[in-house]
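Notes to accompany the following structure.
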Amino acid sequence: MQPCHFLITRLSVRSLALSTVTPMAGIIYQQRMSALRSYNLLLLSRSSQSLHRRHYHLRQMSMDTQSGGAAAVARLIDSGLLKTQGLIGGKWTDAYDGNSIKVHNPATGDVIANVPCMGRKETTDAISSAYDAFNSWSKLTATERSKCLRKWYDLLIDHKEDLAQLITLEQGKPLKEALGEVAYGANFIEFYAEEAKRVYGDIIPSTLADRRLFVLKQPVGVVGAITPWNFPLAMITRKVGPALACGCTVVIKPSELTPLTALAAAELALKAGIPPGVVNVVMGNASDIGDTLLASSQVRKITFTGSTAVGKKLMAGAAGTVKKVSLELGGNAPCIVFDDADLDVAVKGSLAAKFRNSGQTCVCANRIIVQEGIYEKFANAFASAVQNLQVGNGLIEGVAQGPLINEAAVHKVESFVQDATSKGAKVMLGGKRHSLGMTFYEPTVLTDVNSEMLVSREEVFGPVAPLIRFKTEEDAIHIANDTNADNAYIGKGGNRDEVLQLLYSQLC
Ligand code: NAP
């Protein structure tokens, strides 16, 4: 019997090309996997922990003690999860030139920590570490990798309160939502700990008697993972979980606005026994770090969640070295309310879909499309529900709306509201900065919105609910589809089956 010949290549275009020109070969493989993770924070080192802690106490005095900000920081220091350096090859590292970035609490403006402002050199070293670690990590059995991931998941859950407080401190979302993010984010690690053992291949019938065709899935290599600030934990675990499960190593670049959660998660990855170099975290100059990841021939995949504009740049930049790319970009999700909707259900559902994370979620209902027969009733009931949302520091019990991430985000919201009102929209509720100051914005309801307004064409990424009127189902479908960015549909009507059928057959 003829021996089988295997050609194992690293996925993608190159592997397919090789398989085409090499006769006697079985192959093709590679699976879906994504990014990586790791983090850094800088500001306090272990050796000077107590000193820093005193420093924190002093500095955090201005942070409203009622909201528990100072206590939260102190607890994080005690737990060892307030890391303030980058992670390269298992070593907590400052920027080589000593530069740093301040991480602010958007609810108070206080500085939580300084982290290194890294660039090309640190990223190059992080890539080298990941490249070296790939050799051994990819050779572990799936069961061994699975155990590490499971341990990481357990640690994330054990520290869920600490992680949630960190998320609220640096990102601003209410603590209850932050706890939800920890559970959601940790679940990706749990899921991929299980999937690690199920990376099956295939046997393909050959047209030639002396050939055997196999599909063997292999890890691609080093993955560059670039993540946004709105889900500082979950966007990392969603990328790093699958990458590590199939044997890849990662260089994570979290947003400079929310690096602390990433660093804490990386610390827990180390504690879980994930070997040094498998997870690296660099932060700082986004374009320098991004360009270095893109230019490196050792990085075989880029996984990114963030704005469409940056996603396009990365996609173009990845072409130079023909890397695989996975992109999760901006959204413009419609929420459709039909005349026969249960008003109570429609209001509650729309409220949750729009105002989660103060509207800073890619699947937020960016456009609430309401049938004319229920429009006025819905608008009144919805506005009174929105009015009840308590705005404030997310560490305070009962707060449902935190601040926006920064001034730029508030300016964007202001300009969208201004554009809408100048084109005929009416402010039913809110429409301006909140009296709390900082980056707090009043939960807002706009009526008489149409498709020409910015607020219905682009992601507002803030607590503004535009209500658009429609007459017929066809109108609703047309309005909902009048975008190139939707990534979620929410329908509310009396007959669930009909609504779902409608959405699936015509909207997706
Ligand atoms: P962003 O401005 O695109 O930033 C995302 C990440 O890219 C950050 O880490 C940022 O770094 C980095 N970055 C910026 N410029 C870069 C460059 N030239 N090269 C490499 N990296 C670069 O997006 P964002 O404002 O953080 O996040 C909000 C967006 O994410 C929204 O559009 C939202 O819809 C989208 N999102 C989508 C999903 C999804 O699943 N589809 C989920 C969550 C969020 P710095 O922050 O350090 O500058």
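Just so we're clear, the structure is a prediction, and the values are computed from it rather than from any experiment. Order of appearance sets the numbers: ligands from 1, and atoms from 1 within every ligand. Values reported hereafter were calculated over all heavy atoms of this structure, with side chains retained and with hydrogens, waters and symmetry mates removed.
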Under a 4.0 angstrom heavy-atom cut-off, which atoms of ligand 1 come close to P254?
9 (O)
Apply salt bridge (charged side-chain N to carboxylate O under 4.0 Å, His left out) to residues E122 and K91 and explain how you reach the verdict.
CA-CA 12 Å; E122 297 87 345; K91 294 199 174 68; over 6 Å; no
I'd like to know if the side chain of S422 and the backbone of D419 have a donor-acceptor N/O pair within less than 3.5 Å.
yes
Do E328 and K239 have side-chain heavy atoms sitting under 4.5 Å apart?
yes
Using a strict cut-off of 4.0 Å, indicate which atoms of ligand 1 neighbour a heavy atom of E459.
31 (C), 32 (O), 33 (C), 34 (O)
Test item, I226 contacting ligand 1 (heavy atom, 4.0 angstrom):
yes
Is there a side-chain contact between L268 and L81 (heavy atoms, below 4.5 Å)?
yes
Do any nitrogen or oxygen atoms of L329 lie less than 3.5 angstrom from nitrogen or oxygen atoms of ligand 1?
yes
Selection from C362, A409, G290 by shortest heavy-atom distance to atom 38 (C) of ligand 1:
C362
Interatomic spacing from OG1 in T421 to CG in D448 - rounded to 0.5 Å
12.0 Å
Identify, with sequence neighbours excluded, every residue that meets salt bridge (charged side-chain N to carboxylate O under 4.0 Å, His left out) alongside E442.
K432
Taking only non-hydrogen atoms of N230 and a 4.0 Å limit, the atoms of ligand 1 in range are 43 (C), 44 (C)
How does R238 reach ligand 1, if at all, at less than 4.0 Å between non-hydrogen atoms: by side chain, backbone, both, or neither?
side chain
Should S287 be counted as touching ligand 1, given the test is an N or O pair under 3.5 Å?
no
Which of the atoms of ligand 1 are close to K253, meaning less than 4.0 Å from one of its heavy atoms?
9 (O), 10 (C), 11 (O), 12 (C), 45 (P), 47 (O)
Once the angle between the rings of Y184 and F231 is folded into 0 to 90°, is it parallel (under 30°), tilted (30 to 60°) or perpendicular (over 60°)?
perpendicular
Below 4.0 Å from ligand 1: does a non-hydrogen atom of E458 turn up there or not?
no
Ligand 1 atoms nearer than 4.0 angstrom to some heavy atom of T305 are 5 (C), 36 (N), 37 (C), 38 (C), 39 (C), 42 (C), 43 (C), 44 (C)
One finds that the ligand 1 atoms under 4.0 Å from a non-hydrogen atom of E328 are 37 (C), 39 (C), 40 (O), 41 (N)
Mind checking whether F231 contacts ligand 1 via backbone (N, CA, C, O), side chain (CB onward), both or neither, at a 4.0 Å heavy-atom cut-off?
neither
Taking the minimum heavy-atom distance to atom 22 (C) of ligand 1, which of T227, I101, V310 ranks first?
V310
Any carboxylate oxygen within less than 4.0 angstrom of a Lys/Arg side-chain nitrogen, looking at R150 and D154?
yes
Under a 4.0 Å heavy-atom limit, does M283 contact ligand 1 with its side chain, its backbone, both, or neither?
neither
Test your reading of the structure: does S307 have an N or O sitting under 3.5 Å from an N or O of ligand 1?
yes
K173/E181 salt bridge by N-O under 4.0 Å criterion
yes
Step through the shown structure and confirm whether more than 12 heavy atoms of other residues, nucleotides or ligands are within 6.0 Å of NZ on K423.
yes
Is there a polar contact between ligand 1 and T308, counting only N or O atoms under 3.5 Å apart?
no
According to salt bridge (charged side-chain N to carboxylate O under 4.0 Å, His left out), who are the partners of E194, at least two apart in sequence or on a separate chain?
none
W229: heavy atom below 4.0 Å from ligand 1, yes or no?
yes
